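A short worksheet on the structure shown next.
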Amino acid sequence: MALLERLEARLSRRALLVAGAAVGGGLYVGWIPAGNAAQPESGQSFAPNAFVRIDRSGKVTVISPMIEMGQGTYTSLPMLVAEDLDVEMKNVSVDHSPPDDKLYGNAHVGGAQITGNSSSIRAFYLPMRQAGAAAREMLISAAAAKLGIDAARLTTQAGTVIDSASGKRIEYGALVDDAAKLPVPEKVRLKDPSNFRIIGTPAKRLDIAGKVDGTAMFGIDAKIPGMKIATVAASPVFGGKLASYDERAALAVPYVRQIARLDDAVAVIADHYWAARQGLEAAKPRFDDGANANLTTADVVAALAKAAAEPGAVAKNEGDVPAALLAAPTKREAVYENPFLAHCTMEPMNCTAHVTPDGCEIWVGTQIPTVAQMAVAKALGIDQAKVQIHNHLLGGGFGRRLEFDFIVQAVLIAKQCEHPVKVVWSREEDIQHDMYRPYYYDRISAGLDDSGKIVAWNHRIVGSSIMARFSPAAMKDGVDPDAVDGAIELPYALPNYRVEYRREEPPGIPTAFWRGVGPTRNAFVIESFIDELAAAANKDPMQFRLEHTEGTPRAHHVLERVKKMSGWGLPLKPRTGRGVALLFAFETYMAHVAEVSVADDGEVRIDRVFVAVDTGIAVNPDTIVAQMESGVIFGITAALWGEITIEKGRVQQSNFDDYRMLRINETPRIEVEIVQSSEKPGGIGEPGTSAVIPAVFNAIHAATGVRLRRMAITPERLKV
Amino acid sequence: MSAAALLISNPTPTDDDIDLGMAGNICRCGTYVRIREAVKNAAQLLSKTGE
């Protein structure tokens, strides 16, 4: 298969399959960077167990390089191993990987051990399958030696090697020690997709049982002997410093043990959370607000608008946009705005840390174990190898847990104590000390010819550069690749196509990746504007998109499918409308149709959402559907109410009463169709949120004739 | 817990009953579609076992 060969060639340049005896008996198989002949070293007391471990009872443990934050990685990655290893999922369990970029680095994010950017399947589809296939071949070789026959006679089934001629069967567990002594095969043969028994099936999630019976361990569940619990208040104004607090009043609260002071925050350490919380209230901390004391959202927007008037760094420039715009008989232009958004993971920020003269031990749920390890080592001025990180399941990541601010904070608090400390943020602290999806201000214009075809496209994207902070090496000539992601590879025919990015930082406000990353902001702007162009061309928005995707069959196809699924064109009640949005991002194509009703008072209700998604090879279709449903709900929440506002330098929202989340009784019926495909797997965690937002805004326009160019939706503008 | 309480007071909930009964629980990961199905399944299982 040509696709696999290409992926294999790329992989073999980068990494080398290794195998050997697992600690405690059994076989391990894993990957090390190519050109590194030495055994994998992990810098931990953890043995070099790499990716897959098979023990003497035949139990398979997959050490997942990517973390589980509900998106199903802890099932899909083991499925890939199980398929080519030929074991049943019921004999497979999964374990967290320790921090080790060399063993668990993600090629899609520069080789670091980072879960994000919808890359888990894309980065590990081949390595996991090859690890499974290699182990299987080694087990067959071991069986062949044991039986004294040619390996070519042997087959496998559900964890057993079989010689059909003699009827002899040997279970994997009985072969692992012998297999571990064999050389790892140079070239492994993967199963043909026509023989798949696991990939492509809705295999039961490995993490569900624990999450239902309470045995699942999230970071917040860590229980370390001798541990105390702390909660913290940091300066509400970004950049402010701690000035004073009432230590005596705090210590007077029963069960409060100690107060810890940081530059910009005070922490109360107690026997339990409630005491810590009450202690913090009694402490009444005061802060020197600093330079951003009077910052408002309006200030941020004014600065962005000013920046948007100037040219930016060129991210794409095809044809001659100025000339084509000038010549176009029909022109449209608009300004679109994406507000600050909070992550609101249901598990608030927390981290348990124990700092001793020997080093630091941390229990946390993180998307970035090695980056966190480095940050902690730096904060404490110790060697990275002295920092142990125990990862956990994540109660929501969404990009918030790509950051280490709360981890370093916990470590600096724990440094002031002898015992381990679990620092837990209140919901208010979590919302007001988030690292926000940045405010983006976009100027977009286009020209149409007489037949209603787009002849010129000009998009200027303005906002904070997350990448410049997160991974400066990724910046190129002033262009932040995330800021223009989803804007420079549109699946539409655009003969003259220009995209610029201009960096403008909001003073003091920390910004970070939020589910959907760049595409989530760009999809809102672009897919809303495409509808505006369709109107200018007097064309139905679905038809307009179909005409412009004749050259991109996979995009065209998801549009056709969602058109059918949604009954596009069938009559609807007054003040009800359908909106469509198309997205190509993370190597996945998807089209959403939202059906929305707008009440006379302007309240918006999303009644139904239809999704057609082409994500290439679908490893676990149920997980894909789940991610689409999840993304839709996450996106609708943002579309309806998502807005973090700043007044007097501080975030005004604090909890779910003023930062509203969609409830079950507000959730639409969601239908998802997965396109059958043998293309290489695309990503699924991020894009689902992005496309539903413009679909909703387009539906509102269809229902009311009102074009909203700014999230969140303002019912006042939609009143009858 | 909400689902358990709902099914104790209403062993044969309609879809709307489930939505209203569970409206107090927020799921940030958006599993509501599956929560609905799960409560329906539980109701059916309970009616079969007569518990």
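Below, chain A is the first sequence line, B the second, and so on; all start at residue 1. On a predicted model such as this, the values are computed, not experimentally measured, just so you know.
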Do the charged groups of B:K40 and B:E37 touch, with an N to O distance under 4.0 Å? yes
Given a strict heavy-atom distance threshold of 4.5 Å, which part of A:I664 is in contact with chain B: side chain, backbone, both, or neither? both
Greatest number of non-hydrogen atom pairs under 4.5 angstrom with chain A, of B:C29, B:G21, B:C27, falls to B:C29
Six-ring centre of A:F398, B:R28 cation under 6.0 angstrom, axis tolerance 45°: yes
Which one, A:Q71, A:R515, A:M346, leads in non-hydrogen pairs under 4.5 Å with chain B? A:M346
A:R669/A:D607 ion pair, N-O < 4.0 Å: no
Residue selection (most heavy-atom pairs with chain B, distance under 4.5 Å) from A:T345, A:V632, A:D622, A:T637: A:D622
Between A:F406 and A:W425, how do the two ring planes meet: parallel, tilted or perpendicular, split at 30° and 60°? perpendicular
Heavy-atom distances under 4.5 Å only: say whether A:V625 touches chain B with side chain, backbone, both or neither. both
Is the backbone N or O of A:I67 less than 3.5 Å from a side-chain atom of A:N391, with the two atoms forming a donor-acceptor pair by type? no
